[in-house]
2 protein chains.
Amino acid sequence: MKLSTKGRYAVMAMVDLSRHAQNKPVSLSDIASRQEISLSYLEQLFARLRRAGLVKSVRGPGGGYRLARGADEIRVSEIILAVDEPITATRCADLGGVGCRTDRSKCLTHDLWEELGNQIHLFLSSVTLQDVLDRKIGPRLELAPVLPAGVGGSMAVS
Amino acid sequence: MKLSTKGRYAVMAMVDLSRHAQNKPVSLSDIASRQEISLSYLEQLFARLRRAGLVKSVRGPGGGYRLARGADEIRVSEIILAVDEPITATRCADLGGVGCRTDRSKCLTHDLWEELGNQIHLFLSSVTLQDVLDRKIGPRLELAPVLPAGVGGSMAVS
DNA sequence: ACTAAATCCGAGTCAATTGCTTGGTTTTTC
DNA sequence: GAAAAACCAAGCAATTGACTCGGATTTAGT
């Protein structure tokens, strides 16, 4: 799973959409001005979100977008998968990576990346739009074995 | 924390280094041929790793690199932080992001990204080079009981 | 002292991606 | 029929990733 600002914009927009959902659909220009994202860029993102079946569109004046499902049925991971390009298969990425088979030592890191991907997906799948709206995000995972502290450093994900 | 193939290359190289560590230091050309990474690119990565204090260099023929500490004392997160550029402060990223203050609804996603960053860092900090060598990577984290959508109080956010 | 192995260093390249802009077309409501 | 909206396609500037090129410096061996 690729993590980029593109995915963040999409999530921001989807949160905005579910937050301002009334009877009327929400227009992209509303979202654009509220979230300070360019309208055309939003159009591109929502084209993908629509193709992924996460939103429905209503054309014509007074139109806009609606969530295709309830906010509690849409997971953040779905949004990010919808807008981000699929993972570019790196050197030894997915199935049958050449280097993986030939020299197994070359891919000692394979398991590591795979497990990291699992962790990220697990986390983002555990959060729905409704959770974000309700600010229910908090520390949810626990480490099994623990390490001496002090490895700190500021973090962020891009 | 930025996740790119750059960090992966660095981890691959560091794993290779610790795997082939004998009395003699390991030359980059050895790593380059084993891991199929370009030598010059490796040089750039190791310049950063050295500046970060993760490896020590020995110049001259027969020279190369050594781990600055034991493989069980180097965490994967350190390697990635060493080679990847620091986070580009996005729209509402770190402290004092403008949009965060003015319109709090704009940053409902803030906690989400922050917590995701925590998760990633937590995971990568829990894995040492030695763990990768020993193939000790496996599912290590467990989801805390998922919050029932409607029920219960708010989560503690630290 | 000479050579060669290695680390160091800085610049440049090339393709992909991001976040946008421009300029439309269609659909639909009033 | 005018205007609001979704749609669509092309292009573009800046950045980054993964390199290459061309050296320079250090040092072990002879």
Side-chain angles (χ1 to χ4, degrees), chain A residues 2-13 17 20 23-33 35-52 54-66 68 80 83-93 157-158, chain B residues 2-13 17 20 23-33 35-52 54-66 68 80 83-93:
Chain A
K2 198 176 161 189
L3 296 173
S4 67
T5 52
K6 199 169 182 174
R8 292 202 224 188
Y9 278 122
V11 174
M12 282 169 62
L17 175 56
H20 295 89
N23 297 334
K24 304 254 177 187
V26 181
S27 75
L28 287 192
S29 41
D30 284 357
I31 300 180
S33 58
Q35 302 295 322
E36 294 178 0
I37 306 175
S38 104
L39 175 60
S40 297
Y41 196 38
L42 267 187
E43 285 178 353
Q44 292 170 34
L45 295 179
F46 272 78
R48 290 171 184 249
L49 293 172
R50 189 173 54 89
R51 269 177 245 135
L54 296 177
V55 295
K56 285 177 181 172
S57 66
V58 181
R59 302 182 69 162
Y65 286 92
R66 281 185 227 271
I80 292 179
V83 299
D84 275 328
E85 307 297 333
I87 355 99
T88 61
T90 20
R91 188 67 49 110
C92 108
V157 182
S158 76
Chain B
K2 201 174 160 187
L3 295 173
S4 68
T5 53
K6 197 170 184 174
R8 293 203 224 190
Y9 278 123
V11 175
M12 282 170 62
L17 176 55
H20 294 90
N23 297 334
K24 304 254 177 188
V26 181
S27 77
L28 288 192
S29 41
D30 285 356
I31 299 180
S33 58
Q35 302 295 324
E36 293 178 0
I37 306 175
S38 105
L39 176 58
S40 298
Y41 196 38
L42 267 188
E43 285 177 354
Q44 291 171 33
L45 296 180
F46 271 78
R48 290 173 183 245
L49 293 173
R50 189 171 55 88
R51 268 176 247 136
L54 296 177
V55 296
K56 287 177 179 172
S57 66
V58 180
R59 301 183 70 163
Y65 286 91
R66 282 184 227 271
I80 293 179
V83 298
D84 275 327
E85 306 297 333
I87 357 96
T88 62
T90 18
R91 188 67 50 107
C92 108

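Within every chain, numbering begins at 1; the chains are lettered A, B, ... in the order of the sequence lines, protein sequences first and strands thereafter. Worth saying up front: this structure is predicted, and the values here are computed from it rather than measured.
- Put simply, CD1 on A/I80 is 16 Å from C1' on C/dT18, counting in whole angstrom units.
- The phosphate of D/dA4 has neither OP1 nor OP2 within less than 4.0 Å of any side-chain N or O from A/S27.
- Between B/L49 atom CG and C/dT7 atom C1' the separation is 14 Å, expressed in whole Å.
- Residues A/I37 and A/I31 are not in side-chain contact: their nearest non-hydrogen atoms beyond the backbone lie 4.5 Å or more apart.
- In this structure, A/K24 atom NZ and D/dA4 atom C1' are separated by 13 Å, rounded to whole Å.
- Nucleotides of DNA chain C nearest to B/P61 and B/Y65 differ in position, and the one nearer the 5' end is that of B/P61.
- For A/G60 and A/R51, each mapped to the nucleotide of DNA chain D holding its nearest heavy atom, the one lying further toward the 5' end belongs to A/G60.
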| request: Please assess B/Y65 against B/L49 for the test side chain to side chain contact (heavy atoms under 4.5 Å, CB included), listing each intermediate value before the final yes or no. | output: CA-CA 10 Å; B/Y65 286 91; B/L49 293 173; over 6 Å; no

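- B/Q44 contributes a side-chain N or O that forms a donor-acceptor pair with the base of D/dT20 under 3.5 Å.
- Comparing C/dC8, D/dC8, C/dT21 by their nearest atom to the side chain of B/E43 picks out C/dC8.
- Between D/dC7 and A/S57, a contact under 4.0 Å exists linking OP1 or OP2 to a side-chain N or O.
- As rounded to whole Å, 13 Å separates atom P of D/dA4 from atom CG of A/L39.
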| task | Evaluate the criterion side chain to side chain donor-acceptor pair (under 3.5 Å) for residue pair A/S29 and A/S27; output intermediate values, then yes/no. | result | CA-CA 5 Å; A/S29 41; A/S27 75; 3.2 Å; yes

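- Taking only distance into account, the side chain of B/R59 meets the base of C/dT7 through a donor-acceptor pair shorter than 3.5 Å.
- Following rounding to the nearest Å, A/F46 (CZ) and D/dC8 (P) show an atom-to-atom distance of 15 Å.
- Residue A/S40 is the one, among A/S40 and B/G7, whose nearest nucleotide of DNA chain D lies closer to the 5' end (criterion: closest heavy atom).
- The two residues A/V83 and A/A10 come nearest to each other via the heavy atoms CG1-CB, 3.6 Å.
- Here the side chain of B/R66 pairs no donor or acceptor atom with the backbone of B/L17 at under 3.5 angstrom.
- For the pair A/D84 CG and C/dA16 C1', the computed distance is 14 Å after rounding to whole Å.
- Summarising the geometry, the separation between CZ on A/R48 and P on D/dA6 is reported as 18 Å, rounded to the nearest angstrom.
- Between the CG atom of A/L45 and the C1' atom of C/dT18 there is a distance of 11 Å, rounded to whole Å.
- Counting non-hydrogen atoms under 4.0 angstrom, A/R50 reaches the backbone sugars and phosphates but no base.
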